[in-house]
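So the structure is just underneath, and the comments pick up after that.
Keep in mind that this is a model prediction, so the values were computed, not measured. Numbers restart at 1 for each chain; the letters A, B, ... are given by sequence-line order, proteins then strands.
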Amino acid sequence: MAIGSNLASVYDPAQVEGKWYDYWKQQNYFLPSGDLSQPHYSIVMPPPNVTGQLHLGHALDNTLQDILTRWRRMQGYNTLWLPGTDHAGIATQARVEESLAAEGLSKYDLGREKFLERIWEWKRLYGDRITQQLSLLGSSCDWSRERFTMDEGCSRAVREVFVRLYEKGLIYRGDYIINWCPRCHTAISDIEVEHADSDGHLWHLKYPIQDSDEFLVVATTRPETMLGDTGVAVHPDDERYTHLVGKYVVLPLVGRIIPIFADAYVDREFGTGAVKVTPAHDPNDFEMGLRHNLESVNVMSPDARMNENAGAAYAGLDRYEARLQVIKDLEAGGYLLKTEDHQHALGHCQRCDTVVEPMVSLQWFVKMKPLAEPAIEKVVNGEIKFIPERFTRVYINWMENIRDWCISRQLWWGHRIPVWYCQDCGEIICSREDPTVCPSCASSQLQQDEDVLDTWFSSALWPFSTLGWPDDTDDMRTFYPTSVLVTGRDIIFFWVARMIFSGIENTGQVPFREVNIHGLILDALGRKMSKSLGNGVDPLEVIEKYGADTLRFSMITGVTPGNDVRFQWDKVENTRNFANKIWNAARFVLMNLEGYTPVDAAPEELPLADRWILGRLQQKITEITELLEAYELGEAARRMYDFIWDEFCDWYIELSKPRLFNPSNSRDRVVVQNVLNTVLTETMKLLHPFMPFITEEIYQYLPGHGPALMVERWPQAAPDRLDPRSLEQMQMVMAVIRAIRNIRAEFNLSHGTAIKVIMTAPDPDVVGLFQANGAYVRDLARVGDLTVVEKIEKTPRQAVSALLSFAQIYVPLEGVIDVGKEVSRLEKELKNIDQEIAKTEAKLKNEKFLAKAPPEVITKERSRADEAGTRREGLLQRLQIFKAQ
RNA sequence: GGGUCGUUAACUCAGAGGUAGAGUGCUUCCUUGACGCGGAAGAAGCCACAAGUUCGAAUCUUGUACGACCCACCA
C-alpha cells in the first residue's frame, strides 16, 4: 500500500504538534550546535511577565523570533535563543495583593518575608504556565538556559551594576519631584505615567498683595495644591506685573506670606500670566523652587489625602474632596474670581490607571546624560540598526531628551537596593556583598534600604545577565553581542533604550546588532486589545481550535514590518485551509510514490513542466532567503503561500497526474515522482520556520528523510536548475489552457465533452512547443482533438475563437454557436484592444519617450503594439467571417 | 504643540517609477482517482484630494483632509 493512503484527508494539528515538540526537545535540537567554526546567531527572548498568561502580542513576538531562529539554525549558524521570564515588580505584587485581598488579608498581615514567599509560589505557578504556552507555540528556545530576572545570576548582575554606577557617581539618592501612584504606593518613572486628556476647570484665584488693597490673580487647574504654595511667578517682561515683583502675597486660607518673583518659564498668554507655585506638587514648580530658593511644602500623604501641612481644616481629606472644600472656602472668602472649563492632560499610573500625584520624595536615581551619549552614538553610527529604520528617530529623540531615571520603588517584590545605613554614624554603604559591620565606625547596627529597584533596571541587563555576566563565561564570549532583538514598538523606551545604554556601560559593547520592531495585534475593529474592552483573544484558544502553525502563519502573512496587525478569525480559517492544502498535496505525493527510486536526471532531459517547477523552486529559494534577511517575513510567507497553492498544487500536481496514472513510459513516472518529491521536500524546508509542525510531520513520511526536518540544511539555490526559457514557455502553455477554459465556461461546455481545438501560431517555435507539449493542453483543458499549425487556409466559421498575442485558438462548435453572442463578444474585445493600441501608439509617437525611456521599455512597448496589432487583425477577420454569414 | 503611520476592489490587507494584486465575500459551473478546509471561469478599483518632479506617478516631493498611534511641564 502506498505511504500516503492511510493518512486522514483532513489535517489535524492536535494529533501532531505536541508529539514533535517533545521529540525536538528530547533530541536537544533547541540547544546551540556548539560548532565554533560557524558564526553565532543569538537572540534573547523578551521575558514575559510572570503575572499571568501570554496574549497574542507574545505569540507574534515569539513567532517572529522562532522563524528567525529556525531559519538561521538550518543555515548552520551556532544558534541560541534564550528564554526567560520577568518578575514584573509592581504588576506581580499587585496581582498577589489582589489574591490576598480575596482572603481578607493584606501584605502587612503577612509581613515582608511571608509575603515574598507567597509571591515566589505564584511565580512558580505562572512561570511554568508561560513556559508551557511558549512550547505550544512551537518556540525552539533553549530551555536548558532558561532564566528569570530574579534568579541568582541575574540578581548578582543587578547588584554589580548598581554598585558600579554608584561608585562612578551615576546613581544618587535625593529629594526630588517624582510621580507617585497613590494606589500602588510607590514612586514610578516618567515613562510609567500615561497622559490622558480630561475635562477640568481653570479656576482664577485672587491672591491679596501684602500691605495693599491690590490682588494678583492666578489661574490653576488644581486649587487644592494652593495649600502648599510658596510663591507666585510672573514673566520678567510682563509689564502688567513688573511693579509687583519682589512684593509678597498673603496666601488665602493659609495666611502664609509668599514672594512674587519673575521667571521666564511663565507663559504670559496663558491664564492670567501669573502662576501659583507649589514646588512640592508640580515638576515645573519644583524647578522654579530650586531656581528661587522657595520652601517646599508637601501637603499630601502617600495615599493622596491632605496631611497636617494642609491645615487642620483639610487634613485627612482626599485630594478631590479637598479640592471642593478649598473652592468652597475660597468662594466664601471672596477669593474665587471665575471658573472656566478647561481641558488638560492628566498623568495616570500605567499599571492601575490611578491619577498620579507629583510629589517631592526621597528616592534613588540614575544620572542619564553620561549614559545616553554613547547610546545615541552607537545608533547614529550604525553599530545598532533599527528595522524598520524609522524607529531610529523615535529612539534618538527620546534619548536626547532623557531625564534622570527614578529607580527606587516602594515595593517588596524585586531586587532590594544594595545600600545599608549605619544606625550609629549614618554612613551609607553600597556593596556587592552584604556588609556586617560599618567600615567607618565598626558598628553592626546596619539597616538595608527598604526599597527595591524598578523592574526595568534588571530587564535592562537581560542580554548579558542571562549569559553569565559579570563572569567571563563561554556563553558571553560566544553569543554576546546578540544578533538581533525582536520586540514590540511599545517598549522601545522602557526596555530597548535601557538595554542599549546598560550594555554599552557595563560590557563595553552593544547588546545587539539589530532591533527588529513589530507592531501591535489589534482586534478585528482595529482597536488595541485590552482587559477593559474585553476584546482580547487567547492564543491558546486559537491553537486548540486551529493549531499553532495556523496561528503563527496567520499573524505574520502579508504584514508589513512595524505595522499593526488586525486579528481576524476569517484569516485564521483561511490559513487553516492552507495547512490542509499542504497536507493534501503531501498526501497526494506520498500516495503516488510507489516504485519511487531517486534519479538524477539532467535538466535538459526533463519535460517542460518539470523544468518549469524546478526553476520556480530555485527562484523561491532565493526570494525567501533574501526576504528573511531583510526581515520581510510577511512577504516571505505570502510568497510561500502563492507558490504552494497556485503553482505547485493547481498546476504542477495537475500536470503530473496523467504521468503518474497513465505513464507513457516507466522512466517518466519515476522522473515525475522525483520532481514531486524534490519540490515537496524543499518546500517543506522553506516553510518549516513558519509552520514547524506540519512540515515536520510531512517530512517524516518522505522517502529517505533524516532524523528531523528542523535540523535539515536550508535550501540553496542551484542556478543550473533554472531554465529561463522553460518559464516563458510554461507561461504560454498556461495562457492557452486558460483561454480554452474560458471559452468552455462561457459557452457552458460541460466537463464531460471533450472538445476540438485548432491552434495557429505564426512562430514555428511556438508550433513546435505546443506540438511537443500538446498533452498539457489536452489534459488540463479537456481537449480531445488538438491541432497545432502555423497557418490554416480558411479559419473555421462555426467556431469560437481566442486571440492571444502569440497564437489564435479556435473551438469549432458546429450548430451550437450563437452567432450574435460571439459577434458581441468579439466586438467587446475589439474595443478593449483598440484602447490598448491607442495607448501604446501615443507612447511610441512621443519623441521624448523615445529619447529618454530606457531601451528595454521601448522594446517592450513596441512588441506590445505589434502583438496588439496581430490580435486586432485576427479579431477583424473573425468578425468578417461571422458578418458574411 | 511636535512626530510617526495609514488612506488601493464590498471587507481585511499586500505591492510598487513603466498595462492594478491576494484572501474573504459575490456570480456561474464542476461528486474529474490529494484536498468541497476543494477545482474552473468571472464581475468588481480615477490606488483619499491638490500641486510639483519625470518621457511616464498609485508608486518620488510638497501641501490638504480624514483616521490611528507616540511624545510634550503651558499652570
Complementary nucleotide of [N], counting Watson-Crick and G-U pairs under 3.5 Å:
{"N": "C66(B)", "answer": "G6(B)"}
{"N": "G45(B)", "answer": "none"}
{"N": "G52(B)", "answer": "C60(B)"}
{"N": "C11(B)", "answer": "G23(B)"}
{"N": "G17(B)", "answer": "none"}
{"N": "A34(B)", "answer": "none"}

Take atom [atom1] in [N] and the same atom in [M], then report the distance between them in whole Å.
{"N": "U61(B)", "M": "C26(B)", "atom1": "C1'", "value": "40 Å"}
{"N": "A22(B)", "M": "A16(B)", "atom1": "C1'", "value": "15 Å"}
{"N": "G6(B)", "M": "U62(B)", "atom1": "P", "value": "14 Å"}
{"N": "C47(B)", "M": "U59(B)", "atom1": "P", "value": "9 Å"}
{"N": "U28(B)", "M": "G33(B)", "atom1": "C1'", "value": "26 Å"}
{"N": "G36(B)", "M": "G45(B)", "atom1": "C1'", "value": "30 Å"}
{"N": "A48(B)", "M": "A14(B)", "atom1": "P", "value": "14 Å"}
{"N": "C66(B)", "M": "C60(B)", "atom1": "P", "value": "23 Å"}

- Query: Heavy atom of residues 264-276 of chain A under 4.0 Å from RNA chain B: which residues?
  - Reply: Y265(A), V266(A), D267(A), F270(A), G273(A), V275(A)

- Of all of residues 218-226 of chain A, which get a heavy atom below 4.0 angstrom from RNA chain B, listed by number? A219(A), T220(A), T221(A)

- Item | Which residues share a side chain to side chain donor-acceptor pair (under 3.5 Å) with H201(A), sequence neighbours left out | D341(A)

- Item | Which residues share a side chain to side chain donor-acceptor pair (under 3.5 Å) with W495(A), sequence neighbours left out | none

- With E847(A) via side chain to side chain contact (heavy atoms under 4.5 Å, CB included) - residues at least two apart: none

- Message: According to side chain to side chain contact (heavy atoms under 4.5 Å, CB included), who are the partners of H204(A), at least two apart in sequence or on a separate chain?
- Response: L202(A), V217(A), A219(A), T272(A), L337(A), K338(A), E340(A)

How would you label the contact of [X] with the nucleic acid (heavy atoms, under 4.0 Å): base, sugar-phosphate, or nothing?
{"X": "H235(A)", "value": "nothing"}
{"X": "K571(A)", "value": "nothing"}
{"X": "R576(A)", "value": "base"}
{"X": "R489(A)", "value": "sugar-phosphate"}
{"X": "E746(A)", "value": "nothing"}
{"X": "D650(A)", "value": "sugar-phosphate"}
{"X": "R744(A)", "value": "nothing"}
{"X": "I653(A)", "value": "base"}
{"X": "W203(A)", "value": "nothing"}
{"X": "P854(A)", "value": "base"}
{"X": "T278(A)", "value": "nothing"}

When you measure from the side chain of [X] to the backbone of [Y], do you find a donor-acceptor pair of N or O atoms at a distance under 3.5 Å?
{"X": "K276(A)", "Y": "P223(A)", "result": "no"}
{"X": "R587(A)", "Y": "L7(A)", "result": "yes"}
{"X": "H292(A)", "Y": "L294(A)", "result": "no"}
{"X": "E867(A)", "Y": "R862(A)", "result": "no"}

Qualifying residues under salt bridge (Lys or Arg N to Asp or Glu O under 4.0 Å), relative to [X], sequence neighbours excluded:
{"X": "D779(A)", "answer": "none"}
{"X": "E841(A)", "answer": "none"}
{"X": "K657(A)", "answer": "E654(A)"}

- Take the angle between the ring planes of F690(A) and F553(A) and call it parallel below 30°, perpendicular above 60°, tilted in between. perpendicular

- Covered region of RNA chain B, 5' end to 3' end, by chain A [heavy atoms, under 4.0 Å]: G3(B) to A75(B)

- Task: Name all pairs fulfilling the salt bridge (Lys or Arg N to Asp or Glu O under 4.0 Å) condition that reach into residues 559-568 of chain A, sequence neighbours left out, sorted by first residue then second.
- Result: R489(A)-D564(A)

- Message: By nearest heavy atom, map W645(A) and K852(A) onto RNA chain B; which one lands nearer the 5' end?
- Response: W645(A)

- Query: Considering heavy-atom distances to RNA chain B, does R393(A) or Y641(A) have its closest nucleotide positioned more toward the 5' end?
  - Reply: R393(A)

- Looking at residues at least two apart in the chain, or sitting in another chain, which of them share a ring pair (Phe, Tyr, Trp, His ring centres under 6.0 Å) with Y631(A)? none

